[in-house]
Protein chains: 2
Amino acid sequence: MPARPTMDDVARHAGVSRALVSLVMRDSPKVAPARRAAVLRAAEELGYSPHVLARALASRTSTVLGVLVSDLRNAFFAEVVEGLDAAARAVGFEVVLNTGGRKPAREREALDRLLSFRPAGIALLSPVLPSGAIGKAAESCPVVLVSRGSRLSNVDTVNDDGEAGAALAVHHLVRLGHTEIVHLDGGGGANSTSRRRGYLAAMREHELRPKVIRSEHTDEAGAKAVAELLRGNEMPTALVAGNDFNAIGAISALEDAGYRVPADVSVVGYDNTSLAALRHVSLTTIDQPRMELGRLAATALVERIRGERTAAARHLLNPELVIRDTTAGPRTKGRET
Amino acid sequence: MPARPTMDDVARHAGVSRALVSLVMRDSPKVAPARRAAVLRAAEELGYSPHVLARALASRTSTVLGVLVSDLRNAFFAEVVEGLDAAARAVGFEVVLNTGGRKPAREREALDRLLSFRPAGIALLSPVLPSGAIGKAAESCPVVLVSRGSRLSNVDTVNDDGEAGAALAVHHLVRLGHTEIVHLDGGGGANSTSRRRGYLAAMREHELRPKVIRSEHTDEAGAKAVAELLRGNEMPTALVAGNDFNAIGAISALEDAGYRVPADVSVVGYDNTSLAALRHVSLTTIDQPRMELGRLAATALVERIRGERTAAARHLLNPELVIRDTTAGPRTKGRET
DNA sequence: TCAACATATTAGAGCGCTCTAATTCAGAAG
DNA sequence: CTTCTGAATTAGAGCGCTCTAATATGTTGA
């Protein structure tokens, strides 16, 4: 590995001082055009590119935004990261990712590693960390939480409005004529709670009897929930699943049991994963504005970094209904085909 | 933000020199136990943690492995990263991710950003970069390529054996009794080429007439390919798709056209994405040893970094057949149900 | 007791950069 | 031809750490 050229090398090669090269590299306006050109040419010729680490050390500022992705396998985060990355780059920051595999211990390590880079700010995407760890991180740099709430005054949060989303699903089904709408909830997570709450509120609003089957965010769980419904012998005309995976499991179990979707039972998912869009699946679902979540997270960090805001930001974004082929009017009761 | 304590602070607080603190932090064996304890206590009390950037700058070494993920949305890479991360951490390195959205220009930028951290090594996961850019990167630090070949002697490669994988699919179908097996290929990529080659070789080996439909790695393309087959009015009994998405699109189009899978047509995918495992899909497919790919990539980098090897490593891993519910014996010709 | 040696500790230069303050340089004004 | 002014350039200290070489400290053998 040949040693990479330094600023001094460029300075010498261009016949100027290191300080001038530094100014050019940060494109300061107070460099004479001729000198600037000469420096740039010298840099080009030597194949020079600035050493960010040294820059960060010397300037005591960082342009790195650390992003902790709780689970890389979940494509949901990929788009949030994309939004975050785009917004960050637009204002001169860069994004460094790290992952924690949804295990608190590994996530702690990952957070520490991120922190040891002394980033300008940190975004935590749906972390499973204890809130104490988050608070401690927030003491050394701005922190924003995506898809997770917090009442800490020094951390910002960006969330999708799960209540609104679930309500959207219910309204859609009611509009189609459904009255027997069951919710397959997502178990423990904070997401699930608000989605369930939204479902319950919407059902109440329509004066319908709510029914919640405890489930989880996997396709297996969705299938199991349907099995439970099957045993009860009272299949509703519509299902609001906790997420897309759960919905797909439910659909699969329904079809196995001889029900047609959506002719006999309508199903709505949540998240609008790439899965839902597959023509084979074509799932009606709730779309979270993922890019926007990322963008807002980046913005929140940058505001804090620049000291433009000290109060906690609490963004709650509106999800959207995406109608595909798993919802339709209910079968006519008593006269089944 | 309160300024974080430095090594000097710890040294003063513990009544020793900065150099000693430095030794303790790198747990050097030549520090007297009493001093070590005192230093550690002081560090603890001040909440000190070393500044990695400063360390990297001073020691002119880095423990960072940069990983460029061409497409975060593709869960395939998530597992490769996991393997890479685990292996890297086990030997004292840490992984920093960056993404390029499968656009050469953005990928270039992402690579430059990664390089500007002066990482100890770089892993490129299925990059779309021109090979010149890769060669240039390899001049400043060790580089390993995953899911992409290279003949550069200073870059290592780790790949799944696509020829073997496609052959596996063909053998499986032949064993089931199929003779009319069509391949829906993946278009441009390097992956596709080797898979197609594997298909052709295996067909020849069984003395069967190969047929390749040009397609792409998306479900839409899979459906389109089936439509083409439909027009030709000669539906084969089995399909070997270029990847899982393609397979799913094909299945969906087949079912729309009244064919049952696998009763009428068997379909094999490639990649064993999480999609394939969904019970609703339950796709027979070829599994790449993703974690292992990551592990080997990390190992290759570390070997180069430590100077233990200078010759190029060319790892070619064996994929495995995962039999699920989209393959079965062929329908009996002429006596269709 | 003291040289001789091993071991523990520290001073101080330097990694590649930024930043402040000082210096140089033009050109305009007197 | 000075003097002044503002702009362009540079010297030099320092960011938080590591590393080499030098120094301090302790142990042992004669």
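Naming: A, B, ... by sequence-line order, numbering from 1 per chain. Computed from a predicted model, the values in this text were never measured in an experiment.
- Between A:Glu292 and A:Arg295, at least one side-chain nitrogen of the basic residue sits less than 4.0 Å from a carboxylate oxygen of the acidic one, meeting the salt-bridge criterion.
- Between the side chains of A:Arg148 and A:Ser126, no donor-acceptor pair is found at a separation under 3.5 Å.
- Look at B:Arg26 and you won't find any side-chain N or O under 4.0 angstrom from OP1 or OP2 of D:dC17.
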Polar pairs (N or O, both sides) under 3.5 Å between protein and nucleotides 11-13 of chain D?
unit_1	atom_1	unit_2	atom_2	d
D:dG12	O6	A:Arg18	NH2	3.3
D:dA13	N6	A:Arg18	NH2	3.2

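- Atom CZ in B:Arg12 sits about 12 Å away from atom P in D:dC17, given to the nearest Å.
- Distance from the side chain of A:Ala58 is smallest to C:dT18 among C:dT10, C:dT18, C:dC15.
- Atom CZ in B:Arg118 sits roughly 12 Å away from atom C1' in C:dC15 (whole-Å rounding).
- Here B:Lys103 contributes atom NZ and B:Glu109 contributes atom CD; the two are 11.5 Å apart, rounded to the nearest 0.5 Å.
- Within the 3.5 Å criterion, the main-chain N or O of B:Gly100 finds no donor-acceptor partner in the side chain of B:Glu107.
- Pairing each heavy atom of A:Leu152 with each of A:Arg314, the nearest pair is O-NH2, 3.0 Å.
- Residue B:Asp8 contributes atom CG, which lies 8 Å from atom P of D:dC17 at whole-angstrom precision.
- Nearest to the side-chain atoms of A:Arg60 among the listed nucleotides D:dT9, C:dG16, D:dC15 stands D:dC15.
- At whole-Å resolution of the value, CZ in A:Phe117 and C1' in D:dG16 are 15 Å apart.
- Between B:Arg18 and B:Thr6, the side chains place no donor N or O within less than 3.5 Å of an acceptor N or O (distance only, hydrogens not considered).
- In this structure, CE of B:Met25 is placed 12 Å from C1' of D:dC17, rounded to the nearest angstrom.
- Residue A:Leu20 contributes atom CG, which lies 12 Å from atom C1' of D:dA7 at whole-angstrom precision.
- Between B:Glu82 and B:Arg290, none of the side-chain N atoms (NZ, or NE/NH1/NH2) sits under 4.0 Å from a carboxylate O, so this pair counts as no salt bridge.
- Near DNA chain D, meaning a heavy atom under 4.0 Å from it, residues 30-56 of chain B has B:Tyr48, B:Pro50, B:His51, B:Ala54, B:Arg55 in order of number.
- More than 12 heavy atoms of other residues, nucleotides or ligands shown are found within 6.0 angstrom of CD on A:Glu308.
- Summarising the geometry, the separation between CZ on B:Arg4 and C1' on D:dC17 is reported as 14 Å, rounded to the nearest angstrom.
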Test A:Arg26 against A:Ser22 for side chain to side chain donor-acceptor pair (under 3.5 Å), laying out the working first.
-> CA-CA 6 Å; A:Arg26 288 173 285 149; A:Ser22 172; 2.6 Å; yes
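- Checking the phosphate oxygens (OP1, OP2) of D:dC17, no side-chain nitrogen or oxygen of B:Ser22 falls inside 4.0 Å.
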